[in-house]
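If you're wondering where the values come from, they're calculated on a predicted model, not measured in any experiment.
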Amino acid sequence: MENNLIISKGKVIAIVGNLVEAVADGPLIQNGICFFLHNGKEIMGEVIKTQGNKAYAQVFETTRGFRTGIEVFFSGHMLEVSLGPGMLTRNYDGLQNDLDKMEGMFLEPGARTFPLDKESVWPFTPLAETGQKVIAGDWLGEVPEYHVQHKIMAPFKLEGEYKLSWIAEKGEHKITDIVARLTNDEGEEIEVNMIQTWPVKLPITVYREKRRPGTLFETGIRVIDTMNPILEGGTGFIPGPFGSGKTVLQHALAKQAAADVVIIAACGERANEVVEIFTEFPHLDDPRTGRKLVERTVIIANTSNMPVAAREASVYTAMTIAEYYRAMGLKTLLLADSTSRWAQALREMSNRMEELPGPDAFPMDLSAIIANYYSRAGFTVQNNGKSGSITFIGTVSPAGGNLLEPVTEATKKVARCFFALSQNRADSKRYPAIDPIESYSKYLEYDEYISFAKQEIDENWIEKIDFVKNFMISGQEINEQINILGDDGVPVEYHETFWKAELIDFAILQQDAFDDIDCNTPPDRQRYMMDKVIKIVQTDFGFDDFNRVRNFFKRVINLFKQMNYSEFNSEKFSAYENELDQIINLKTVEV
């Protein structure tokens, strides 16, 4: 508590799991941090409700051994994170403790570690000049952090305009060294080092404006980029049952997405999945920078056996770190897995406080909480005209794959992209198991994206996407009729439509996440393959027997798959393409 302003103290009067009720002898603040003295250790909590001199606090660690009467100290500030150079490659818990500095197999109650390295030396380069007027978030200098230039900014908590009275010259400094001094009109001076602190529950709004997204956020995943695009600064979510490929899809997004920085929030994850991230990412090569993937990644780990209160801290800590990098003018990708477990934590605390329950016993204001969180993502223009973004993709784990449950429904209202994972597609090994009919992207209706697509992709790109989606619906309807009536019970034309829909599925929608080439498809290749598939789909072959339809399209699908596994425009790719063209032309000539 040495760095915290204590405004009052009190005694615990009731304990219900991780919800602790205490009586204070002084003022209380909503969402204020408090400390419980237990066995000589300080256990951190957060006041989530006040009632007179009573405080209801959620405790971020286990309350095992707590008893009534133990002392509690209430601070005058909210849960804050420390921001500065050195966060990339770090593994944090939800309270931003550096897990690599922890000792032992399990986290000890009350253990704290500082999230940054105070001893490392950074080559500082000034960006502002003495006498310059600055406001909160303005760039004062920079230090290199792996592949990014980490901006040292005027404190986010500044109010009003200040004058830069002094700034350090180019040279090496620790993050605790003073690198600038700011003076206001009253002559008050503020010393600035490389460390920022900010409350995680409050958004960082040190930007000039927040614009509607309009530029494609490249993921390399065809079913997303082509069929259901997410934009830079956009929001999306991935609901689906267990075993449908959510984790593999998130790993693919983290590895391939066109982001300068990737923040991974493992919220209530199973421990083995978190360990997989820790062990794999340091060895994975980043296809965009040529360095290691972990060098542009920050991991916030919160496993399912941790107290539920820590889940809420983890998602807000991750978002605040993402906002910090956005303020530097960087493209940031935030992946949260899973927001369902966060919502379950909210439900548990709400029930313990005996609040009026909503659907499925979730809090009545669940939709508002999720909406406020998603709204913190976005595309921003900083004070100096540079742009930054947070593209947020969360996953939802609905019980039994029920996409009508409250968390999925509440998220649907705010997220612009809906990537619904299908159990049927997963069972038939069609990955990514994103359902092409249930999924959607509202960005396809944005004028900004329509204009972008016409200029950067194809003049008729939106029309082509609509055509393919409608054709997939027709293929599904025909498939249902064939299953009911049998192969001989429907016209041959129906079989041709069904197999053309299968061609779209195998050539465009399916993708091998473990193949070095097929795992990541650039936009120009996606456009080329899309045009080739559409041309075949629009060709009337006039088959007279459904067996010939099946055999013909199986050959075509196999060649497309071989093309997907080949380097674009390589000799191997061209050979498969020539063979494909010959098969198409011969059949067309026969007709």
*Give me the ring orientation class for Tyr374 and Phe392: parallel if the planes are under 30° apart, tilted from 30 to 60°, perpendicular past 60°.*
perpendicular
*Of all pairs that satisfy salt bridge (Lys or Arg N to Asp or Glu O under 4.0 Å), the ones with a partner from residues 421-433, not counting sequence neighbours*: Arg425-Asp505, Arg430-Glu502, Arg430-Asp505
*Arg550/Asp545 salt bridge by N-O under 4.0 Å criterion*: no
*Yes or no on side chain to side chain donor-acceptor pair (under 3.5 Å) for Ser474 and Glu477, after CA distance, side-chain angles and deciding distance?*
CA-CA 5 Å; Ser474 300; Glu477 293 172 348; 4.9 Å; no
*Could you tell me whether Arg296 and Asp260 make a salt bridge, using a distance below 4.0 angstrom between a side-chain N and a carboxylate O?*
no
*asked:* Met530 vs Arg527, test: side chain to side chain contact (heavy atoms under 4.5 Å, CB included). Steps then yes/no.
replied: CA-CA 5 Å; Met530 182 79 154; Arg527 181 184 66 247; 5.6 Å; no
*Quick one: salt bridge (Lys or Arg N to Asp or Glu O under 4.0 Å) partners of Glu448, sequence neighbours excluded?*
Arg212
_Using the ring centroid of each side chain, check whether Tyr373 and Tyr316 are separated by less than 6.0 Å._
yes
*Would you confirm whether the ring centroid of Tyr324 sits within less than 6.0 angstrom of the ring centroid of His150?*
yes
*If we only count heavy atoms from C-beta on, is the Phe467 to Val537 side-chain gap below 4.5 Å?*
yes
*Does Asp285 pair with Lys292 as a salt bridge, N-O distance under 4.0 Å?*
yes
*Distance (rounded to the nearest 0.5 Å) between Glu405 CD and Leu403 CG*: 8.0 Å
*asked:* Heavy-atom count check: over 12 atoms from other residues, nucleotides or ligands less than 6.0 Å from Lys442 NZ?
replied: yes
Could you give the side-chain donor-acceptor pairs of residues 224-241 under 3.5 Å, partners two or more places apart or in another chain?
from: Asp225; atom 1: OD1; to: Thr219; atom 2: N; distance (Å): 3.2
from: Asp225; atom 1: OD1; to: Thr219; atom 2: OG1; distance (Å): 2.8
from: Asp225; atom 1: OD2; to: Thr219; atom 2: N; distance (Å): 3.2
from: Asp225; atom 1: OD2; to: Gly220; atom 2: N; distance (Å): 2.9
from: Asp225; atom 1: OD2; to: Gln526; atom 2: NE2; distance (Å): 3.2
from: Thr226; atom 1: OG1; to: Gln526; atom 2: OE1; distance (Å): 2.5
from: Asn228; atom 1: OD1; to: Lys469; atom 2: NZ; distance (Å): 2.8
from: Asn228; atom 1: ND2; to: Val223; atom 2: O; distance (Å): 3.3
from: Glu232; atom 1: OE2; to: Ser389; atom 2: OG; distance (Å): 3.2
from: Thr235; atom 1: OG1; to: Arg416; atom 2: N; distance (Å): 3.3

_Salt bridge present between Arg548 and Asp544 (N-O < 4.0 angstrom)_ = yes
*Taking 4.0 angstrom as the limit, do Glu496 and Lys500 come out as a salt bridge?*
yes
_Check: Tyr443 ring centre within less than 6.0 Å of Tyr449 ring centre_ = no
*Identify the two heavy atoms, one from Ser566 and one from Ile517, that lie closest to each other, and give their separation to 0.1 Å.*
O-CG2, 3.5 Å
_Salt bridge or not between Lys561 and Asp512? Use side-chain N to carboxylate O under 4.0 Å._
no
*Nearest-0.5 Å distance, SG of residue Cys267 to CG of residue Leu335*: 13.0 Å
